[in-house]
2 protein chains.
Amino acid sequence: MSTGVNLKELAAELKLSPSTVSRALNDSYEISEATKKKVISMAEKLNYQPNPFARSLRENKSKTIAVVIPERMSNFFSKVVDGIEEVTQEHGYHLLVYCTHEDVDREKKIVNLLMNGRADAIVMSVSSQTSDISHLTRLHERGFPLVFFDRICPAIPTTKFITNDYESGFEGTKHLIQQGCRKIAFLMLSKELSITKERHRGYLDALRQAGLSPEPQLNITCCQEEEENIESIRKLLTGPNRPDGILSSVEKLALATYHAVKRTDLKIPNDLKIISFFSNLSIASLLNPSLTTITQPAFSIGEECAKLLIKKLTKPRQPDLPNQVITIPSHITIRSSTIVL
Amino acid sequence: MSTGVNLKELAAELKLSPSTVSRALNDSYEISEATKKKVISMAEKLNYQPNPFARSLRENKSKTIAVVIPERMSNFFSKVVDGIEEVTQEHGYHLLVYCTHEDVDREKKIVNLLMNGRADAIVMSVSSQTSDISHLTRLHERGFPLVFFDRICPAIPTTKFITNDYESGFEGTKHLIQQGCRKIAFLMLSKELSITKERHRGYLDALRQAGLSPEPQLNITCCQEEEENIESIRKLLTGPNRPDGILSSVEKLALATYHAVKRTDLKIPNDLKIISFFSNLSIASLLNPSLTTITQPAFSIGEECAKLLIKKLTKPRQPDLPNQVITIPSHITIRSSTIVL
DNA sequence: CTGAAAGCGCTTACAG
DNA sequence: CTGAAAGCGCTTACAG
């Protein structure tokens, strides 16, 4: 690729030294206004674009942030990335986006590649398969700015953005109980995830508060294969210990449940009520019956992650990212999947 | 961020020159196997990672590909990006992903920023608002490797990947006609897009072949606001010239149609049949009634774009990307939204 | 087979 | 207010 004119050529054209031109373009106080004007207008005329790698090499920063997510085909993660981009773009940052496909090995490879400084910071949501976190520990111990959201890593002392998962699990379960459910199944992606644990804690506490006994058989851990998930759920729904309510901690398992129900004689909400963490509201209301949802503020989460990192990266002498958990609340929207008319 | 050890330090540790170490790591034929082994093992021990910017500066390539899409909250575009990543990751390439949000100004800004060599190539799908293409022409004329998919720019002589849009439009319309539709509405995002034009041509030809007259009032151009789209469609459905069939050239307009129908007394498929370009098959079959879809091979499209670029970028002395249109066929899946039982 | 030197395109401490 | 020089960390033509 032929990059256009470089600093030296621009300087020659202006009969100035590269030093002066560089300073003028970077709006240094050492340069007269007259020179700055001349330089800037010539730079525009010749369409001068500084070489980003020369600059990165020199300044030891890349103006790039890496985003690592477990999947792209998810409204939630797409919205988070949109939120991140909204903030970072304004500050001239670029986004490298990587998808782990819920695979720790891929996650490790990606994280290790990022160790070389290609990005100035990482914002990530870990894969559901992640239990060994040595790659993340190493990254953080090297002083690499790292922020987690949603699928956070509690053991790593940095800033994490989550939603009020305990409360959502509690309130979601309570809502099902209020609608008459007595046997409530909890669908999850992985027991290892801290958000799953939180949501599950909320679920258990709501059961206990209502005097219901938690039944481990009603907890289903799902996999990556949609068809397999549908079948596990179908079996649960047609088995001896059949639930009358489902709390799904993942968007895709709500869809799998709808598919599973279609393979039975059951009717939502009469025979089975369902509430799910779900981001795509347009689709939630088109499902049949429309789905009661717990919606996380995905866009805001992205924005907050980005704002924090931009502050850290653009202001001089910023301290390390504080070891704290920032909670942005979700909201529940009740629709037909939990209400018998 | 503290990058680890550099080449010079690694060389010192090995009591070799940086030149030799560099060559050994790059597996040069000039270096003895013994030395290579020593170097590689020490590099691993010290966890040496070459500085990507020094390398990019030196070699004038970034090992990065930029992807520019009009929206992230789309199953189609997400899958394409997944396909691109699948191929590029294997070759050590990184992906900068930018979203234009269907806004030409944002698109121009992004494209102009990419002019400086931050990425070695661009794969993009233009915004529905794009009519002035000077930014793209300039990019291409500078010799920048550029590939289009789906929302292509016919005027720019490079490789474009599309689906058989004319045929899909034709077959989709024909299917509606066979199911008894006589007044078929065509929903689109923008008349400017070449894929819209192709799909629309197919639609018109199918009408003509069936002896039906194309009615311009049955062509609806939509916007970015979901609510606004729903209302335009609702008005169409309740107006004097009410359609009995809809061909939606965009996923989101199929959803808007379902929402619009819910605001009327109409029943799908009895009063209105609908077929749509749609990528999320799990959701298509959960809609009520399930949606007849035209599905584009999104993942393959991504893979093909990436394969072409990788070939161009990794092999020496490759010619310019050929000015050709490569068609990968879509497939139609008939579901309940077009079939009266 | 190995090394010394130049250079990719910037920025900035140092000098004037 | 401006310029000459050094250096960021690599790779590779040149020399031996």
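Throughout, protein chains are lettered first and strands after them, A, B, ... in sequence-line order, and every chain is numbered starting at 1.
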Notebook entry, point to check: How close or far is atom P of D:dA4 from atom NZ of A:Lys15, stated in whole angstroms?
Noted result: 14 Å

Next item on the list: Quick one: label B:Ser32 by what it contacts on the DNA or RNA (base, sugar-phosphate, nothing), any heavy atom closer than 4.0 Å.
Entry: sugar-phosphate

Checklist line | For the student: nearest non-hydrogen atoms of B:Met73 and A:Lys79, plus distance | finding: SD-CG, 3.3 Å

Notebook entry, point to check: Within this structure, what is the NZ-to-P distance between B:Lys8 and C:dG3, rounded to whole angstrom?
Noted result: 16 Å

Item checked: Spacing between B:Ile31 atom CD1 and C:dG3 atom C1', to the nearest angstrom -> 10 Å

Item checked: Atom-to-atom span, CG of B:Asn60 to P of D:dG9 - whole angstrom -> 20 Å

Item checked: Value in whole Å for how far the C1' atom of D:dG9 lies from CZ of B:Phe53 -> 12 Å

Checklist line | Interatomic distance at C1', C:dT12 relative to C:dG16, whole Å | finding: 16 Å

Notebook entry, point to check: Whole-Å distance between D:dC10 P and A:Arg55 CZ?
Noted result: 21 Å

Notebook entry, point to check: For B:Leu25 and D:dG9, what is the distance between atoms CG and C1' respectively, to the nearest whole Å?
Noted result: 13 Å

Check: With nearest nucleotides of DNA chain C determined for A:Glu30 and A:Leu7 from heavy-atom distances, which residue corresponds to the more 5′ nucleotide?
Finding: A:Leu7

Margin query: Check the orientation of A:Phe76 and A:Phe149. Use parallel for under 30°, tilted for 30 to 60°, and perpendicular for over 60°.
Written below: tilted

Note to self: Checking base pairs now: Watson-Crick or wobble, both atom distances under 3.5 Å. What partners D:dG16?
What the structure shows: C:dC1

Notebook entry, point to check: Which sits closer to the 5' end of DNA chain C, B:Val21 or B:Ala54, going by the nucleotide each is nearest to?
Noted result: B:Val21

Next item on the list: Report the distance from atom CG of B:Asn51 to atom C1' of C:dC8, rounded to the nearest whole Å.
Entry: 13 Å

Check: Among the nucleotides D:dC10, D:dA4, D:dT12, which one has an atom lying closest to any side-chain atom of B:Ser19?
Finding: D:dT12

Check: How would you label the contact of B:Glu59 with the nucleic acid (heavy atoms, under 4.0 Å): base, sugar-phosphate, or nothing?
Finding: sugar-phosphate

